[in-house]
Amino acid sequence: MSKEIKISVIIPVYNTQEYVRKCIESVLLQSLEDIEIIIVDDGSTDNSLSIIKEYAGNDKVILISKENEGQGAARNDALDVCSGKYIAFLDSDDYIEKNMFEDMYLKANKYDLDILICKYRWVDTKGIEIIGDDIEFVESEIIDSDKCIKEFFTSNTIGGFSWNKIFHSRLFKEENIRYPTNMKYEDIPTVFDLIINSNRIGFTNNKYYYYVQRPGSTTNDLSVKNMKDHLLAVEMIGDILKKRNLVMRHEGEYQYYFLNNILDYYGFNYSNKDNIQGIKFEVIKNEFKSLIKTHYTKFVFNKYFSSRQIIKILIMRFNVKQRKKLK
C-alpha cells in the first residue's frame, strides 16, 4: 500500500537559477516525511532547468518541464497531478523553515481546517529581514469564510498570497478552482475564491516563510502593465462575489479594498518613480488620475476610509479638475 501524501508542495520555476537550489533544498529538508514536491519549469531560458534536474532522482520530486505560459498555468499543471491531502505553494526564489509543513499539517489536520495561514519574513537576497511584521493572529481562533472575507478586504492580515498558506485539496478538486493565466497577481483572485469556499480557517504566528525581495520580482516590477494586472486581479474578485451572490453582503468592504489597492499601487510606483524602467512615470500618473476621477465619490462615502484619507482623495480630485480647466 502506498503511503498517504500529507502535503503536495508546488514550485513553479522561471529563470531563478540563483535562488532555486536553496528553495528546493529547504523543502527536501522538511521534518515532515510524507510530502511530494512538484517542480514545474516554465520554459526557463537560464540554467534553472539543469539545476532542477539534479533533484529528479529523488523519490519525493516530480518534475514537469513545459513551454513558458506564466506562473498561473504552471501551478495549474501541478494541481492536475498532485495527490496530497493539503497543498502548499512556494515561489522558486523563496525558502522556508525546516518545520513549516510538519507544524502546519499537524494543526490543520487536528482541527480539520480548510486553510491554515502563517506569518512570514520579508528578507533581502542575503536573508536579512528588511520589513517588520506587526500582524498578530489569534492562534486559537477558527473563523468561517464570511469573517475571513471581511478581514481580507479591510485589513492586511490575510493577504492574497498563496505561499504563506496550506489549502485542503478538496477546495481545488470539488470546486475545480484554478489560477487565471496570462497575468501577474494571479494569486489574489484564486486565494479569494478558496476563502469563499472554506468553512474553517486557522492561523499561526510562526514566521515559517522567507519572502525574498529581489530585482525583477513581480512586486518590484514597475510598469503600467503590472499596475493593470494588479487592478484586473482585484476586479476579478468582484466577479467572484457576483458569481457567489455575495455582492450586497460585502459591497462596502470590497469597494474599500478596490479603492485602497488603487491608492497603494500608485503610492508604491510614486515612491519608486526614479527607478521605473521602460515607461515614463507620467503614464502611470495619468492612469491613476483617471481612476480617481471615476471613483472619487465612492472614497468619500465609504465608511472604512479615515477622514485623513478622504481629504487626500478630495485634493487629488480637485487638482485633476483644475488641470483639466487650464488645458
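In this text the structure is predicted, and so the values were computed from the model without any measurement. For the numbers below, each heavy atom of this structure counts, side chains included, while hydrogens, waters and symmetry mates do not. Each residue takes its place number in the sequence, starting with 1.
Side-chain rings of F152 and Y257 approach one another, their centers coming within less than 6.0 Å. Ring pair Y256/F153: centre-to-centre distance not below 6.0 Å.
Donor-acceptor pairing under 3.5 Å is recorded for the side chains of S8 and E36. Checking E25 against Y95 by side-chain atom types alone, no donor-acceptor pair falls below 3.5 Å. Y19 and T125 form no side-chain donor-acceptor contact under 3.5 Å, judged by distance and modelled atom types alone. At a cut-off of 3.5 Å, with distance as the only test, no side-chain donor of D187 or T190 sits close to an acceptor on the other residue. No side-chain donor from either of H168 and D112 sits under 3.5 Å from a side-chain acceptor of the other. With hydrogens and angles left out, the side-chain atoms of Q71 and E186 include a donor and acceptor closer than 3.5 Å. Y210 and E129 form no side-chain donor-acceptor contact under 3.5 Å, judged by distance and modelled atom types alone. Looking at S145 and N199, their side chains never bring a donor and an acceptor atom within 3.5 Å of each other.
Applying the side chain to side chain donor-acceptor pair (under 3.5 Å) criterion to R200, with sequence neighbours excluded, gives no partner residue.
Contact check for I11 versus I38: no side-chain heavy atoms found under the 4.5 Å cut-off. Between N206 and E97, the closest side-chain pair of non-hydrogen atoms is not below 4.5 Å. Residues I117 and T204 are not in side-chain contact: their nearest non-hydrogen atoms beyond the backbone lie 4.5 Å or more apart. You'll find the side chain of R178 reaches within 4.5 Å of the side chain of L79, heavy atoms only. Contact of the M236 side chain with the P180 side chain is registered, since non-hydrogen atoms from C-beta on lie closer than 4.5 Å. Between F203 and V138 the shortest side-chain heavy-atom distance does not fall below 4.5 Å. Counting heavy atoms from C-beta on, the side chains of F258 and I237 never come closer than 4.5 Å. At least one side-chain heavy atom of V40 sits under 4.5 Å from a side-chain heavy atom of K66.
When atom types are taken as modelled, the side chain of D93 and the backbone of R214 share no donor-acceptor pair closer than 3.5 angstrom. A side-chain donor-acceptor contact under 3.5 Å links N68 to the backbone of D42. Remark: side-chain polar atoms of N176 are not paired, donor with acceptor, to backbone N or O of F172 under 3.5 angstrom. Formation of a donor-acceptor pair under 3.5 Å by the D124 side chain with backbone atoms of I128 is found in this model. Under a 3.5 Å cut-off, the side chain of Y86 and the backbone N or O of A108 do form a donor-acceptor pair. Judged by distance alone, with hydrogens and angles left aside, the side-chain atoms of Y254 form a donor-acceptor pair with the main-chain N or O of V234 at under 3.5 Å. For the pair Q30 (side chain) and S26 (backbone), a donor-acceptor distance under 3.5 Å is present. Using a distance-only test at 3.5 Å, with no hydrogens or angles considered, a donor-acceptor pair links the side chain of S48 to the main chain of Q17. Side chain of K165 to main chain of F161: a donor-acceptor pair is present (N/O by atom type, distance under 3.5 Å, no hydrogens or angles). Panel note: side chain S44, backbone L49; no donor-acceptor pair is recorded below 3.5 Å.
The heavy-atom pair separating I96 from V27 by the smallest distance is CD1-CG2, 4.1 Å. Among all heavy-atom pairs drawn from I149 and L246, the shortest one is CD1-CD1, 4.4 Å. Contact detail for I240 and I196: the closest heavy-atom pair is CG2-CD1, 3.6 Å. The shortest non-hydrogen separation linking I35 to K60 is O-CG, 3.8 Å. The shortest non-hydrogen separation linking P12 to I10 is CD-O, 3.7 Å. Closest heavy-atom contact between Y105 and I166: N-CD1, 4.1 Å.
Rounded to the nearest 0.5 angstrom, I115 CD1 and I201 CD1 are separated by 4.5 Å. If you take CE on M104 and CG on N109, they are separated by 13.0 Å, rounding to the nearest 0.5 Å. To the nearest 0.5 Å, atoms OH (Y14) and CG (D91) are separated by 15.0 Å. In this structure, the separation between CG on N260 and OG1 on T154 is 10.0 Å, given to the nearest 0.5 Å.
Other residues, nucleotides and ligands contribute only 12 or fewer heavy atoms inside 6.0 Å of the NZ atom of K98. Within 6.0 Å of CD in E141 there are more than 12 heavy atoms belonging to other residues, nucleotides or ligands. Within a 6.0 Å radius of CZ in R249, other residues, nucleotides and ligands contribute 12 heavy atoms or fewer.
Here the rule is side chain to side chain contact (heavy atoms under 4.5 Å, CB included) with C23, and of L90, L28, I39, D94 only L90 fits it.
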Exercise for the section: Start with the C-alpha distance between L32 and I7, add both sets of side-chain angles, then the distance that settles side chain to side chain contact (heavy atoms under 4.5 Å, CB included), and finish with yes or no. Expected result: CA-CA 9 Å; L32 182 66; I7 295 184; 3.9 Å; yes

Exercise for the section: With salt bridge (Lys or Arg N to Asp or Glu O under 4.0 Å) as the test, would you mind laying out the steps for D41 and K53 before giving the verdict? Expected result: CA-CA 10 Å; D41 180 72; K53 285 181 176 179; over 6 Å; no

Exercise for the section: Could you go through the salt bridge (Lys or Arg N to Asp or Glu O under 4.0 Å) check for E175 and R170 one step at a time? Expected result: CA-CA 8 Å; E175 299 297 329; R170 64 173 172 249; over 6 Å; no

Problem - Intermediate values then yes/no, ring pair (Phe, Tyr, Trp, His ring centres under 6.0 Å), F89 and Y209 - result: CA-CA 11 Å; F89 299 89; Y209 195 95; over 10 Å; no

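Residues K119 and E136 are paired through a salt bridge, judged by an N-O separation under 4.0 Å between the basic side chain and the carboxylate. Electrostatic pairing of K150 and D144 does not count as a salt bridge here, judged by no charged N lying under 4.0 Å from a carboxylate O. Salt-bridge formation is not detected for the pair E33/K6: no Lys NZ or Arg NE/NH1/NH2 atom is positioned less than 4.0 Å from an Asp or Glu carboxylate oxygen. Here D193 does not pair with K243 in a salt bridge; the nearest charged N to carboxylate O distance is not below 4.0 Å.
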